[in-house]
Amino acid sequence: MYICDFNLNNRTLVFDFMEELEGFIDVGVLKALMQKSLLTARLKGYRIAQTMIEIGSLESQLFYKKMGFRVVEQKECELYKEKFGRAGMSLMSIEF
């Protein structure tokens, strides 16, 4: 996975491995937690948040776009595709 890694800095809030449990999908829990986290991060001085999703993960991409994130970089990696079945990773970012 490090082949598809992005250069992130320590002044950026990173949402990583976000997942909704069965029974809580599409009820707004994830959105509420992210909004609370963004508010807390802003109070601590953060101004940028990022997340990484797999290329082709349209559901995740639509969710983050609705939250205001945009794709800022993509990395396609043959080894990642062989291992995980997706072309690589997209880096999404939001300034808040």
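What you see below is based on every heavy atom in this structure, not just the backbone, and it leaves out hydrogens, waters and symmetry mates.
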Does any non-hydrogen side-chain atom of [Y] lie less than 4.5 Å from one of [X]?
X: Leu38; Y: Arg42; value: no
X: Gln61; Y: Ile53; value: yes
X: Met34; Y: Phe69; value: yes
X: Met92; Y: Met52; value: no

Which atom of [X] lies closest to which atom of [Y], heavy atoms considered:
X: Ile48; Y: Glu95; result: CG1-CG, 4.0 Å
X: Phe15; Y: Ala49; result: CE1-CB, 4.0 Å
X: Tyr80; Y: Glu54; result: OH-OE2, 2.7 Å
X: Met89; Y: Phe6; result: O-CZ, 3.5 Å
X: Leu13; Y: Ser37; result: CD2-O, 4.2 Å
X: Ser90; Y: Gln74; result: OG-NE2, 2.8 Å

Exercise. Any side-chain donor-acceptor pair under 3.5 Å between Gln50 and Thr12?
Worked result: no

For this session: Look at the side-chain heavy atoms of Ile, Leu, Val, Met, Phe, Trp and Tyr, link any pair under 4.5 Å apart, and say whether Ile55 and Val71 land in one connected group.
Result: no

For this session: Measure from NZ or CZ of Lys31 to the centre of the six-membered ring of Phe63 and say whether it is under 6.0 Å with the direction within 45° of the ring axis.
Result: no

For this session: Give, for atom NZ of Lys44 and atom CG of Leu39, the distance between the pair rounded to the nearest 0.5 Å.
Result: 11.0 Å

Exercise. Counting distance only, does the side-chain N/O of Arg11 pair as donor-acceptor with the main-chain N or O of Tyr46 below 3.5 Å?
Worked result: no

For this session: Any chance you could lay out the side-chain contact (heavy atoms from CB on, under 4.5 Å) test for Leu79 and Lys81, step after step, and finish with the verdict?
Result: CA-CA 5 Å; Leu79 289 174; Lys81 186 175 183 176; over 6 Å; no

Exercise. Is atom CD of Glu82 surrounded by more than 12 heavy atoms (other residues, nucleotides or ligands) closer than 6.0 Å?
Worked result: yes

